[in-house]
Amino acid sequence: MFLFKKINIREVSRLPALIAVASILLVLVYLAYLRGEVKAQSAPTMQDIQQSISTAQTTLDSAEAQLTNLENQVTVAAEQLVTTVVKQGLSATGVNATQLANASNLTTAAVMDMVTPAIDQAIVAGTVSLSQAANIGTLSENLQGLVTQAVESSVLSGATQLTQITNISLLSTNQLQDVVNQALSGVMASGVSLTATEQNRILSQAMSSIQGITGTVSLSTIENQIASQIISVTGAGTISSLVGSMGAQVTNLFTTNVEQILTTQALSSLQALTGTIDLNNLSNTIASQITGITGGQLSSVLSSVTSGDMSGLFTEAVKDSVLSQAVSEITGISGIVSATSIENALASGVLSATGMGSLSAITNSITSINADTITSLISNSIADNVLSRLGGLTTLSVANIENLIGTQIIGLTGSGVLGTITGTINNNIVSTIGNIVGISDQLGALSGSLADALGSLSGLSGDLASLTDILNGGTLTEALFSATNIQSLASGVLGDLSGSIASSIGSVSSISSLISSTGIISSTDLTSLTSSFSSITGGLSGVTGDITGILSGSSGLTSTILSPTSFISAGGPPFGGMVTSVIYCSCSGNYRLDVSPPVGGVFMYQPGATIVYSFYRIPVAGVWLLGLYGSPVACMVPSGKGCATLGAFPMITMTGTSM
């Protein structure tokens, strides 16, 4: 097998295109000579494959456009159910549209949408204050952000120095070792040579020295200790020069460790607080931890902590806890849910989160949760439930849809009579069914388009399989420097077609067939269809990119092969074939090689001058060679008391060999 591997890059740097050009041309000649069954005209071209991709892409784009149109029609049908049928049903005698049967019919998102403006109203009215939290637990999700903001503000103001620590024991052994090792790396990078043994000794001595320091410790003190130990072990350098070479990475590592300690200690102290929490005791706790760990004046640190966005962050944290508590209270309501019960639960949530205010004052300030809000919430819930359940109907009829809507209204409101509701909405069901049946018919046509797309992709898969077979031909794959990349791209395309794309197309076809046979489309089906189409078009986009890479690689190889100047600049024409005989020219110290077709002849191997690539088997009869040759050199053998010339033949300038 022909496979070139460079022995000495400098020796061949003047001929960067030589091996690639010779390999490509001669292996193609060799394949044409020995493997006549691989005909160019019978194999698919990469342009054919690109066309297959383009055809499949066009078909799927068209199918996706049809799906978008169908989605729009389903949306119209759903809106009709919501705006006309459902609302008309809610107005039927015996239905109380201002209540919900139970809180489980409320989604968290719906409650949040309802509660947020209500809380804003109460804040504006002054009945809800965000200046304090009932306890630190209600702020737990936001504590990390509050501490981080406080530390950053204090550092930016200059009130806190992260390059010092009040007690060296606050830094763990691992953290200190990381700092020492980083310092040693910087010193060695500057040119100071340290053996592994010396590094270990310095680390051990530096750790012992640093951990014995009392009082406030600065980074510069630690660096001086490390430098002193380096001098003690090696006797080389000065403290100032060694410290100067330790670099900014040591500073960054040390300050990061100190900041991590600050955050951890401050969080621990905050979580230990009891009772009502306001911005003052929160800030004092954080500031005390900062000064206790890094030093500095408490008043300056406290001032820096409370500056900037700290007040706003605290207020947002309290508001988050109010919303969370309110949602928990509302979704926990048992029995019938009304505007009054929601207002009371919301007010209870506010009191639980802030520990302040009055239940009556808060409920009186809320005006957004009223009968209209509850009715709208019920309408939306019924519409969502009806649409999601349409796909479960075995027979699409007026009676079935009426019963479905009526059952949902009764289930969500806890009131009404099914016969009264279905009698009210009868006339508006017929046109809705007509829309849905029309959608089903169009999905049947879409299935046909998908079948066409599958046909195009099947043809593409066959073409790429043929291409991969050619690339797997052995000699060609190993000789072409870029063949590995081309083969990888082609294999990736095949994987996409047989994997995610085929699976997604199968999913679309399955859903379309189901809808066509039942005459029903549900929101779940629509979601699956949209997701599958996104997967198909996204996969084809990747396939198209791979094919572009294949075409680009092919174009580059072709232009190199066909360039008439390639061989001139490379230093000589190519040859290739099997060595049939070898004669050692002992007087001239070289070898005469007879080489068989496809590009054979008599050539000279000159040790020391001929560059040989793997598998380095030369001169050996039966080995295949592929390379370039130059000017003739003589083959001289002993004759009598002197030497005789057997002739002059082209010298091999460079060659690769088979195993």
What distance separates [X] [atom1] from [Y] [atom2], expressed to the nearest 0.5 Å?
| X | Y | atom1 | atom2 | result |
| --- | --- | --- | --- | --- |
| Asn105 | Leu100 | CG | CG | 6.0 Å |
| Glu343 | Leu346 | CD | CG | 8.5 Å |
| Gln99 | Leu377 | CD | CG | 13.0 Å |
| Gln225 | Ile202 | CD | CD1 | 13.5 Å |
| Leu139 | Gln144 | CG | CD | 14.0 Å |
| Leu313 | Ser311 | CG | OG | 9.0 Å |

- Item | Atom CD of Gln249 with >12 non-hydrogen neighbours under 6.0 angstrom |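 No - once you tally the heavy atoms of other residues, nucleotides and ligands closer than 6.0 Å, there are 12 at most.
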- Counting only heavy atoms not in Gln177, do more than 12 fall under 6.0 Å of its CD? yes
Are [X] and [Y] packed together at the side-chain level, in the sense that at least one heavy-atom pair is separated by less than 4.5 angstrom?
| X | Y | result |
| --- | --- | --- |
| Asp178 | Gln182 | no |
| Ile261 | Ile165 | yes |
| Thr234 | Ile231 | no |
| Leu146 | Leu282 | yes |
| Ile210 | Ile226 | yes |
| Leu90 | Ser379 | yes |
| Asn257 | Leu162 | no |
| Glu259 | Glu152 | yes |

Would the distance check show the side chain of [X] and the main-chain N or O of [Y] forming a donor-acceptor pair, the cut-off being under 3.5 Å?
| X | Y | result |
| --- | --- | --- |
| Glu198 | Thr195 | yes |
| Ser341 | Ser338 | yes |
| Ser157 | Ser154 | yes |
| Asn135 | Thr138 | yes |
| Ser208 | Ser204 | no |
| Ser185 | Asn181 | yes |
| Ser288 | Asn284 | yes |
| Ser376 | Asp372 | no |
| Ser241 | Thr238 | yes |

- Message: With side chain to side chain donor-acceptor pair (under 3.5 Å) as the rule and sequence neighbours excluded, what pairs involving residues 212-221 come up?
- Response: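 Residue pairs with at least one partner in residues 212-221: Ser218-Ser220, Ser218-Thr221.
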Which side-chain N or O atoms in residues 270-279 pair as donor and acceptor under 3.5 Å with protein atoms at least two apart or in another chain?
| unit_1 | atom_1 | unit_2 | atom_2 | d |
| --- | --- | --- | --- | --- |
| Asp278 | OD1 | Asn280 | N | 3.2 |
| Asp278 | OD1 | Asn281 | N | 3.0 |
| Asp278 | OD1 | Asn281 | ND2 | 3.4 |

- Please test Gln229 against Arg201 for side chain to side chain contact (heavy atoms under 4.5 Å, CB included), starting from the C-alpha separation and ending with a verdict. CA-CA 9 Å; Gln229 297 307 320; Arg201 285 183 59 194; over 6 Å; no
Looking at [X] and [Y], what are the two nearest heavy atoms and their distance?
| X | Y | answer |
| --- | --- | --- |
| Ala345 | Glu329 | O-CB, 3.3 Å |
| Ser153 | Ser304 | CB-O, 3.3 Å |
| Thr127 | Ser365 | OG1-OG, 2.9 Å |
| Gln121 | Ser368 | OE1-N, 3.1 Å |
| Ala266 | Gln289 | CA-CG, 3.8 Å |
| Val250 | Met246 | CG2-O, 3.2 Å |

Can I get a per-line list of side-chain donor-acceptor pairs under 3.5 Å for residues 294-302, giving both atom names and the distance, sequence neighbours left out?
| unit_1 | atom_1 | unit_2 | atom_2 | d |
| --- | --- | --- | --- | --- |
| Thr294 | OG1 | Ile290 | O | 2.8 |

- Message: We want to know whether Ser172 and Asn174 form a side-chain donor-acceptor pair, criterion being a heavy-atom distance below 3.5 angstrom.
- Response: no
- Side-chain donor-acceptor contact under 3.5 Å, Thr413 with Ser415: yes
- Message: Show, in sequence, the C-alpha distance, side-chain angles and deciding distance for Ile330 and Ile333, and conclude whether the side chain to side chain contact (heavy atoms under 4.5 Å, CB included) test is met.
- Response: CA-CA 5 Å; Ile330 293 171; Ile333 296 174; 4.3 Å; yes
- Using side-chain hydrogen bond (donor to acceptor under 3.5 Å, both in side chains) as the criterion, list what pairs up with Asn370, not counting sequence neighbours.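 Asn370 satisfies side-chain hydrogen bond (donor to acceptor under 3.5 Å, both in side chains) with Thr373 only.
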- Message: side chain to side chain contact (heavy atoms under 4.5 Å, CB included) for Leu176 and Ile168? Distances and angles first, verdict last.
- Response: CA-CA 9 Å; Leu176 281 174; Ile168 197 66; 4.1 Å; yes
List, one per line, each side-chain donor-acceptor pair under 3.5 Å for residues 318-327, sequence neighbours excluded.
| unit_1 | atom_1 | unit_2 | atom_2 | d |
| --- | --- | --- | --- | --- |
| Lys319 | NZ | Asp120 | OD1 | 2.6 |
| Ser321 | OG | Val318 | O | 2.6 |

- Val179 and Glu223: CA distance, side-chain angles, deciding distance, side chain to side chain contact (heavy atoms under 4.5 Å, CB included) verdict: CA-CA 9 Å; Val179 171; Glu223 289 177 330; over 6 Å; no
Indicate every side-chain donor-acceptor pair of residues 354-362 with a distance under 3.5 Å to a residue at least two apart or in another chain.
| unit_1 | atom_1 | unit_2 | atom_2 | d |
| --- | --- | --- | --- | --- |
| Thr354 | OG1 | Val350 | O | 2.9 |
| Thr354 | OG1 | Met356 | N | 3.3 |
| Thr354 | OG1 | Met356 | O | 3.3 |
| Ser358 | OG | Ser360 | OG | 3.3 |
| Ser358 | OG | Ala361 | N | 3.1 |

